[in-house]
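Just below is one structure, and these are the notes that go with it.
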Amino acid sequence: MWGAKGEEKAGGACEEWSYQLGNKDTLSLKAPKKSPLALRMVVLTMTMICGVFICSMCMKQLGSDSWSRIVKIQVAEQSCNKSLIPPSEVQFVHYPQPLNYSRKECTCTPVRFFAIISSQRSGSGWFETLLNSHINVSSNGEIFSKKERRINISSIIKTMDMVYNLDWNSSASKNECTAAAGFKWMLNQGLVANQAAVVDYFNQRGVSVIFLFRRNLLRQMVSQLANNHDRYLKQLKGKHKAHVHTKDEANILAKYKPRLNTTTLMWSLKQADDYTRKALENLKSVRHITLYYEDLVQNRTMLVEVLDFLKVPVRKLVSRHVKIHTKPLSDQIENWDEVYNALNGTKFESFLNADYRT
């Protein structure tokens, strides 16, 4: 009847069975090869599971509030009419949606982001109070004066995001119709150390920079020494607001005359000058305007250029800041004759005579 089992082929990947039906032709049956379809289905299923898992983890990290804010920003930007904004300006126009309040009827009021980049004793405090006297401008002070906010680039970006999302709470915070939001940043507060990443952030988010420096570095040095002396006195008295002065405090501080080290004076001035120039060079790719304190003091109409730079309505700006040093440098430095002799005939000679009206 049925034939015997056929011989197994040596080295074959599959077994072959032969059966004979009488004298008829031999019937050969081979084990079928496994189809790759099943394997593909398994890989696809695992990929989908991994994708769902990763997506769920990202959603947890973002949080429902952050996710809803992203959606709201997208909806706001889609619903707001941008047709009147020049193409070259679109990058710098934003419609933030803060978490703590609703902008209500001002949802489509465009907001410009800015940063005042300066160095200590360059008039940035006075300049910022002028900006904050504008009803549509919010400049939130030296947000990076606290080290934990600038410990690394991640903390820096997180802090800036809060300001530009209008979630930063300070005395400078305006109503929901803010049209320009920013802060003040000193060069030595983590900016120079992270300048490449900061430039990328500014360019990506459309942040405009206001550079504010001082031409007369000698005056800046004297002001810094006087301010350090003021801080020391206030620490002894248990006070902490070293930057806020009453008229009486300003008069007392103005009487202090520092003694400058003429041996290192030239080196200190050159170092300060090189530090500022290098920072300007490395940050120049960002949309910016450059101002000098002396120019602003002598010509207040320059503030109109600043408001135009920020694209906010022009109006009169005021400040209650009390100027401390109003006398010539010769009346502010204890060893003036030594300082004069050290700088006379050098490239810093102009600092000796460069005074301005207040």
Side-chain angles (χ1 to χ4, degrees), residues 73 76-77 79-98 100-118 122-143 159-185 201-213 283 286-293 295-321:
I73 292 175
E77 291 190 351
S79 60
C80 296
N81 183 12
K82 300 182 181 180
S83 61
L84 298 179
I85 301 174
S88 60
E89 294 290 326
V90 171
Q91 175 189 357
F92 305 102
V93 174
H94 311 278
Y95 302 92
Q97 296 294 314
N100 299 325
Y101 63 93
S102 172
R103 298 188 72 205
K104 299 178 182 178
E105 69 274 8
C106 296
T107 298
C108 286
T109 298
V111 179
R112 306 277 176 152
F113 299 159
F114 70 89
I116 303 169
I117 293 180
S118 186
S122 294
S124 60
W126 166 70
F127 176 73
E128 190 176 41
T129 59
L130 288 170
L131 288 184
N132 279 327
S133 69
H134 196 292
I135 192 173
N136 302 120
V137 180
S138 294
S139 189
N140 296 277
E142 292 182 35
I143 62 175
T159 303
M160 290 192 293
D161 280 344
M162 288 186 65
V163 173
Y164 295 137
N165 290 333
L166 303 186
D167 287 322
W168 192 268
N169 185 23
S170 75
S171 59
S173 300
K174 295 294 195 306
N175 57 24
E176 58 271 12
C177 286
T178 296
F183 59 92
K184 186 172 62 171
W185 200 351
Y201 178 90
F202 282 171
N203 285 329
Q204 290 174 7
R205 293 218 61 179
V207 178
S208 300
V209 170
I210 301 173
F211 291 119
L212 176 61
F213 296 106
L283 297 168
V286 180
R287 179 179 183 264
H288 67 274
I289 183 175
T290 302
L291 305 173
Y292 289 93
Y293 173 69
D295 298 340
L296 287 173
V297 170
Q298 293 179 340
N299 184 11
R300 295 292 183 89
T301 59
M302 291 187 65
L303 294 172
V304 175
E305 297 179 24
V306 176
L307 297 181
D308 181 65
F309 178 73
L310 296 176
K311 304 300 180 184
V312 295
V314 175
R315 60 167 293 170
K316 184 179 179 180
L317 304 179
V318 296
S319 173
R320 295 182 179 179
H321 259 224

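The analysis underlying the following values was restricted to heavy atoms, covering all of them including side chains, and did not include hydrogens, waters or symmetry mates.
- Here Leu303 contributes atom CG and Leu131 contributes atom CG; the two are 7.5 Å apart, rounded to the nearest 0.5 Å.
- Nearest heavy atoms, Leu296 versus Phe127: CD1-CD1, 3.8 Å.
- Taking both residues in full, the closest heavy atoms of Ile116 and Ser139 are given as CD1-OG, 3.7 Å, listed atom of the first, atom of the second, then distance.
- A donor-acceptor pair is defined here as one N or O able to donate and one able to accept, closer than 3.5 Å; no such pair exists between the side chain of Asp167 and the backbone of Met162.
- Annotation: His94 is in aromatic contact with Phe113 [ring centroid separation under 6.0 Å].
- Scored by the side chain to side chain donor-acceptor pair (under 3.5 Å) test, Gln91 finds no partners at all (sequence neighbours excluded).
- Scanning both residues, His134 and Pro313, for their nearest heavy atoms gives NE2-O, 2.6 Å.
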### Task
Could you check Ile210 against Val306 for side-chain contact (heavy atoms from CB on, under 4.5 Å), going step by step and ending with a plain yes or no?
CA-CA 8 Å; Ile210 301 173; Val306 176; 4.1 Å; yes
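- The CG atom of Asp161 sits 5.0 Å away from the CZ atom of Arg205 when rounded to the nearest 0.5 Å.
- Side-chain contact between Gln97 and Thr107 is present, with at least one heavy-atom pair separated by less than 4.5 Å.
- No donor-acceptor pair closer than 3.5 Å links the side chain of Arg112 to the backbone N or O of Gly182.
- At a threshold of 4.5 Å between non-hydrogen side-chain atoms, the residues Leu307 and Leu317 count as touching.
- Ring geometry, Phe183 versus Trp185: the interplanar angle falls from 30° to 60°, so the pair is classed tilted.
- Note: Glu128 CD to Ser133 OG = 11.5 Å, rounded to the nearest 0.5 Å.
- Residues passing the ring-ring contact (aromatic ring centres under 6.0 Å, His included) test with Trp126 are Tyr293, sequence neighbours excluded.
- At a threshold of 4.5 Å between non-hydrogen side-chain atoms, the residues Tyr95 and Pro110 count as touching.
- In this structure Ser319 satisfies the side chain to side chain donor-acceptor pair (under 3.5 Å) test together with Thr129, sequence neighbours excluded.
- Summarising the geometry of Gly206 relative to Phe92, their closest heavy-atom pair is O-CD2, 3.4 Å, with the distance given to 0.1 Å.
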### Task
With side-chain contact (heavy atoms from CB on, under 4.5 Å) as the test, would you mind laying out the steps for His288 and Ile117 before giving the verdict?
CA-CA 10 Å; His288 67 274; Ile117 293 180; over 6 Å; no
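- Side-chain contact between Ile135 and Arg315 is present, with heavy atoms from C-beta onward closer than 4.5 Å.
- For the pair Tyr164 (side chain) and Phe114 (backbone), a donor-acceptor distance under 3.5 Å is present.
- No side-chain heavy atom of Val207 sits under 4.5 Å from any side-chain heavy atom of Met160.
- Taking the ring centre of Phe202 as origin, the terminal cationic atom of Arg287 falls outside the region bounded by 6.0 Å and 45° from the ring axis.
- One finds the NZ atom of Lys104 at 13.5 Å from the OG1 atom of Thr109 (value rounded to the nearest 0.5 Å).
- Rounded to the nearest 0.5 angstrom, Asn299 CG and Tyr292 OH are separated by 16.0 Å.
- Under the 3.5 Å distance criterion, the side-chain polar atoms of Ser122 are left unmatched by any main-chain donor or acceptor of Leu212.
- The distance from the CG atom of Leu310 to the CD1 atom of Ile289 is 8.5 Å, given to the nearest 0.5 Å.
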